[in-house]
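One structure below.
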Amino acid sequence: MKKLFAVLGNPIGHSMSPVMHNDLFSLYNMNAVYLPFQVKEEELKEAVNGLRALGAVGFNVTVPHKSTIMPFLDEIDELAASIGAVNTVVNQNGKLIGYNTDGLGFLKGLDEYVTKIEDHKILVIGAGGAARAIYFTLAKENPVQIDIANRTVEKAVELITECPYSITSRALTLEEAGNYLGEYDLIIQTTMIGMEPNTEEQPISLENINKQALVCDIIYNPLETSILRDAKERGAAVQNGINMFVYQGALAFEIWTGRLPDIQRMKENVLRQLGGK
Ligand code: ATR
C-alpha cells in the first residue's frame, strides 16, 4: 500500500516540501506520496486525527500551526517542547510524536561552514518563532555567548529568560547590535526583513563587522538578501536559507524512514523550484 506523508499549513500553495520529498521517494524507490493540505486553525484537530486514522507515516507542520498542533499530539520530543513548536510528526503505531527539526536543520547546515560552534560568539537578529528554534538549539551546543537583537527588545529578553539551556546572552536593540558587531564570529538573520518583495531592506548596519565572521540569513527568497550582499562586499562569509530548509526536511525524512537522504540532490531540487541554477 502507498505510504502517506503530508504537510499541514495555511497557506500551503508555495511549499517546496512536496516536490522535495516526492523526489526522494522516487530516488529511493519508495511507494509513498507527500501531499500538501491547507488546514484552517479551527480544523487542525480534525486534520491531525484524520491523518492518524488514515495511517499517515509522518507529516510536517508549518505556519501557522507549529505551536497550536502540540495539544493534539501524543508525545513531544524534549527540544520541540522547550522551543514550543513542532514542525515534524511521526506516527508510531497510532501514536503521534512531535519533533522540531528547524533549529537542528540550521545547526546541520552550519556544519559545512563551522567546525567548533562552542568557540563562537553569536548574534541572533530577531526574536520570533524561527529565532527561538535556532537560539534554543544553538544554546544546547554551549557556544561562548549568544546575544539576541530585536526591534522589540522585550521579546529578546523573554527568549533569554525562557531558554532551558545554560548560556551567556544579552538582549540588544538593533542599533546596539550594530555597534557591537565586530565581537561576533557568527551572525544569524532570522526576521523577514529583506524577503521578497522588500529586497532592499536590511535589519542592521554591518559597518562594524569582523571580516572573519559568517553571516547567515534564513531567507532563501531571494537567494542573496541585502544583508548577505553587504556582508560579502565587506569580505565576510555568507550562507543563505537553503541549507536550513533542506536540512530540516532531511532530518524529518530521517525521522520517518531512518535514512538521511541525499542533501546535494535536495538542494538542487529546491534551487530548481526557486528558479535558480
Ligand atoms: P517567524 O516565526 O518567521 O520568526 P515571527 O514570529 O512573526 O516570525 O517573528 C518575526 C521577527 O521579525 C520578530 O523578531 C520581529 O520583530 P518584533 O519582535 O519587534 O516584531 C521581526 N520583524 C518583522 N518585521 C520587522 C521590521 N520591519 N523591523 C524590524 N524587525 C522586524
Side-chain angles (χ1 to χ4, degrees), residues 7-12 14-17 39 41 44 60-70 79-88 98-107 109 122-139 146-163 169-181 184 187-206 215-222 225-228 230 239-249 252:
V7 55
L8 309 183
N10 191 11
I12 199 65
H14 294 294
S15 172
M16 293 188 291
S17 296
V39 177
E41 195 88 36
L44 182 61
N60 285 126
V61 187
T62 187
V63 180
H65 303 315
K66 287 186 181 184
S67 297
T68 43
I69 195 168
M70 295 175 73
L79 179 63
S82 73
I83 293 168
V86 159
N87 78 326
T88 300
Y99 293 87
N100 190 309
T101 68
D102 286 329
L104 288 169
F106 178 80
L107 188 64
I122 304 169
L123 174 69
V124 173
I125 303 169
R132 192 180 177 92
I134 290 172
Y135 173 54
F136 286 10
T137 309
L138 290 181
I146 311 178
D147 291 346
I148 304 177
N150 198 42
R151 176 177 59 182
T152 316
V153 183
E154 295 74 31
K155 284 207 210 157
V157 173
E158 235 170 76
L159 272 200
I160 292 169
T161 313
E162 290 170 11
C163 182
S169 289
R170 291 179 296 184
L172 306 172
T173 62
L174 295 170
E175 197 184 350
E176 284 168 336
N179 293 337
Y180 304 154
L181 210 63
Y184 303 104
I187 297 160
I188 308 163
Q189 197 306 105
T190 73
T191 76
M192 55 277 272
I193 302 171
M195 198 185 282
E196 292 280 1
N198 303 315
T199 55
E200 292 314 308
E201 292 177 12
Q202 173 171 334
I204 59 169
S205 156
L206 298 188
V215 181
C216 299
D217 201 323
I218 69 163
I219 294 172
Y220 48 75
N221 199 3
T225 51
S226 174
I227 192 173
L228 292 191
D230 188 6
Q239 182 193 40
N240 65 25
I242 294 283
N243 260 17
M244 177 177 174
F245 177 71
V246 163
Y247 275 100
Q248 65 74 33

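All heavy atoms count here, side chains included; hydrogens, waters and symmetry mates do not. Counting convention: from 1, in listed order, for ligands and their atoms alike.
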Which ligand 1 atoms, with their elements, are less than 4.0 angstrom from a heavy-atom of [X]?
{"X": "T191", "result": "12 (O), 21 (C)"}
{"X": "K155", "result": "17 (P), 18 (O), 20 (O)"}
{"X": "G126", "result": "14 (O)"}
{"X": "M192", "result": "10 (C), 12 (O), 23 (C)"}
{"X": "I193", "result": "25 (C), 26 (C), 28 (N), 29 (C), 30 (N), 31 (C)"}
{"X": "G129", "result": "1 (P), 2 (O), 4 (O), 6 (O)"}
{"X": "A130", "result": "1 (P), 2 (O), 4 (O)"}

Got the closest protein heavy atom to [atom], with its distance?
{"atom": "atom 17 (P) of ligand 1", "answer": "T152 OG1, 3.4 Å"}
{"atom": "atom 9 (O) of ligand 1", "answer": "G128 CA, 3.3 Å"}
{"atom": "atom 13 (C) of ligand 1", "answer": "N150 OD1, 3.8 Å"}

(message) On a heavy-atom basis, which atom in A252 and which in N60 lie closest, and how many Å separate them?
(response) CB-ND2, 3.8 Å
Say whether [X] and [Y], considering side chains only, have a donor N or O and an acceptor N or O under 3.5 Å apart.
{"X": "Q202", "Y": "D230", "value": "yes"}
{"X": "T199", "Y": "E201", "value": "no"}
{"X": "T68", "Y": "E41", "value": "yes"}
{"X": "D217", "Y": "Q239", "value": "no"}
{"X": "Y184", "Y": "D147", "value": "yes"}

(request) Among N87, T88, T137, find the residue that satisfies the side chain to side chain donor-acceptor pair (under 3.5 Å) test when tested with D102. (result)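 When N87, T88, T137 are each tested with D102, the side chain to side chain donor-acceptor pair (under 3.5 Å) holds only for N87.
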(message) Between E162 and R132 (salt bridge meaning N to carboxylate O under 4.0 Å), is one present in this structure?
(response)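 Counted as a salt bridge, because a side-chain N and a carboxylate O are separated by less than 4.0 Å.
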(request) Determine, considering heavy atoms only, which of M195, Q189, R132, R151 sits nearest to atom 27 (N) of ligand 1. (result) R151
(message) Can you tell me if A127 contacts ligand 1 (heavy atom of the residue under 4.0 Å from the ligand)?
(response) yes
